[in-house]
Amino acid sequence: MPARPPRDASAPARIRDRPTWLISRAYARSHGLLSEGFAADGSGLRSYHYRLLAALEESGPTSQADLGRATSVDRSDVVAVLGELERQGLVARVVDPANRRRNIVSITKTGSRRLLALDEVVDGVQERVLAPLSQNERRQLARLLRKLTGAD
């Protein structure tokens with residue numbers, strides 16, 4: 001069984017075992033590993049690009065505003081991020097014929113292929129983040145996190 005990560009002895013004792021502190025430390029570690037993974041193998045893309053591509057693959061064409069809401073990417077950032085994806089041929093935007101002020105975004109075949117490659121990056125990061133846990137603990141952690149986030 002993998003060794004447990006060391007306790008954060010630098011944290012004051014009164015917060016060291018509080019769930020809010022532990023969640024924030026787990027987030028910082030997982031976010032750092034995710035950033036490293038995308039920097040090494042993401043072909044210049046980041047986790048927010050991955051979120052947008054995954055949402056488009058799963059839900060199909062949608063408006064920019066709905067895509068931003070579904071992925072928690074700020075509305076002002078969605079346009080810029082989609083521009084980056086569009087320049088790489090990963091998404092296509094067309095004016096909505098029902099509402100000419102709105103764009104409909106869809107993932108391209110190239111985008112779907114890139115998403116599969118990014119899935120491998122994310123899978124590798126998941127494995128690194130969860131390495132100290134058994135399969136049963138991993139399932140339990142995911143269940144508890146879904147419950148805490150209201151997704152369960």
Side-chain angles (χ1 to χ4, degrees), residues 2 5 8 11 15 18-152:
D8 189 351
I15 67 168
R18 292 188 185 250
T20 51
W21 171 256
L22 295 170
I23 290 168
S24 72
R25 299 311 310 144
Y27 167 77
R29 179 173 176 264
S30 65
H31 181 72
L33 290 172
L34 194 58
S35 294
E36 285 175 19
F38 275 104
D41 298 319
S43 301
L45 298 181
R46 301 284 178 248
S47 62
Y48 50 85
H49 295 110
Y50 178 75
R51 276 186 281 163
L52 294 176
L53 291 171
L56 288 168
E57 178 82 3
E58 185 175 309
S59 300
T62 190
S63 73
Q64 291 178 174
D66 288 344
L67 184 59
R69 281 190 288 277
T71 58
S72 298
V73 175
D74 188 80
R75 195 175 160 181
S76 61
D77 295 331
V78 168
V79 174
V81 173
L82 287 174
E84 294 167 3
L85 293 172
E86 191 173 37
R87 282 189 290 283
Q88 293 189 38
L90 306 179
V91 301
R93 290 188 278 192
V94 297
V95 175
D96 183 352
N99 180 349
R100 305 215 34 92
R101 295 177 298 162
R102 164 169 108 153
N103 284 321
I104 300 297
V105 186
S106 58
I107 192 168
T108 64
K109 288 181 182 176
T110 302
S112 292
R113 285 191 300 274
R114 181 73 64 86
L115 180 60
L116 288 174
L118 294 175
D119 281 339
E120 292 182 25
V121 172
V122 173
D123 289 347
V125 171
Q126 299 303 303
E127 188 56 40
R128 288 180 65 196
V129 168
L130 299 174
L133 304 178
S134 69
Q135 290 300 317
N136 188 47
E137 289 171 325
R138 292 173 187 207
R139 285 188 294 275
Q140 183 179 15
L141 175 64
R143 183 180 57 77
L144 292 171
L145 290 171
R146 282 191 304 275
K147 191 172 189 176
L148 283 176
T149 61
D152 209 17

#### Entry: salt bridge (Lys or Arg N to Asp or Glu O under 4.0 Å) partners for Asp96, two or more places apart
Arg102
### Message
If you define the side chain from C-beta out and look only at heavy atoms, does anything of Val78 sit under 4.5 Å from Val105?
### Response
no
#### Entry: Flag, side chain of Arg75 to backbone of Ala65, donor-acceptor distance under 3.5 Å
no
### Task
Write down the atom of Trp21, the atom of Ala11, and the distance for their closest heavy-atom approach.
CZ2-CB, 3.6 Å
## Note on the structure
Residues Ile104 and Pro61: closest non-hydrogen pair is CG2-CB, 3.8 Å
### Exercise: do Ser76 and Asp74 side chains pair donor with acceptor under 3.5 Å
yes
### Message
Does anything in residues 35-44 form a side chain to side chain donor-acceptor pair (under 3.5 Å)? List the pairs, not counting sequence neighbours.
### Response
none
### Contact summary for Gly37 and Val125, nearest pair of heavy atoms
CA-CG2, 4.2 Å
### Summary
CG (Asn136) and CG (Leu141) are apart, to the nearest 0.5 Å, by 11.5 Å
### Message
Return the CD1 to OH distance between Ile23 and Tyr27, rounded to the nearest 0.5 Å.
### Response
13.5 Å
### Summary
Rounded to the nearest 0.5 angstrom, the OG1-NZ distance for Thr149 and Lys147 is 11.5 Å
#### Entry: 4.5 Å side-chain heavy-atom contact, Val121 and Leu45
no
### Query
Which value, rounded to the nearest 0.5 Å, describes the distance between Leu82 atom CG and Leu56 atom CG?
7.5 Å
Mind listing the side-chain donor-acceptor pairs of residues 109-116 below 3.5 Å, one per line with the distance, residues two or more places apart or on another chain?
unit_1, atom_1, unit_2, atom_2, d
Thr110, OG1, Arg113, NH2, 3.2
Ser112, OG, Glu57, OE1, 2.7
Ser112, OG, Thr108, O, 3.4
Arg114, NH1, Gln88, OE1, 3.1

### Query
How about Asn103 and Val95: do any of their side-chain heavy atoms sit closer than 4.5 Å?
yes
### Summary
Residues passing the salt bridge (Lys or Arg N to Asp or Glu O under 4.0 Å) test with Arg69, sequence neighbours excluded, are Asp66
### Task
Using salt bridge (Lys or Arg N to Asp or Glu O under 4.0 Å) as the criterion, list what pairs up with Glu120, not counting sequence neighbours.
none
### Separation of Leu52 CG from Leu90 CG (nearest 0.5 Å)
11.0 Å
### Query
Given Val122 and Gln126, is the side chain to side chain contact (heavy atoms under 4.5 Å, CB included) satisfied, shown in steps?
CA-CA 6 Å; Val122 173; Gln126 299 303 303; 3.7 Å; yes
### Query
Are the side chains of Gln64 and Leu67 in touch, meaning some heavy atoms are under 4.5 Å apart?
no
### Summary
Quick note, salt bridge (Lys or Arg N to Asp or Glu O under 4.0 Å) partners involving residues 42-53, not counting sequence neighbours, are none
#### Entry: Glu127 side, atom CD; Leu130 side, atom CG - distance, nearest 0.5 Å
7.0 Å
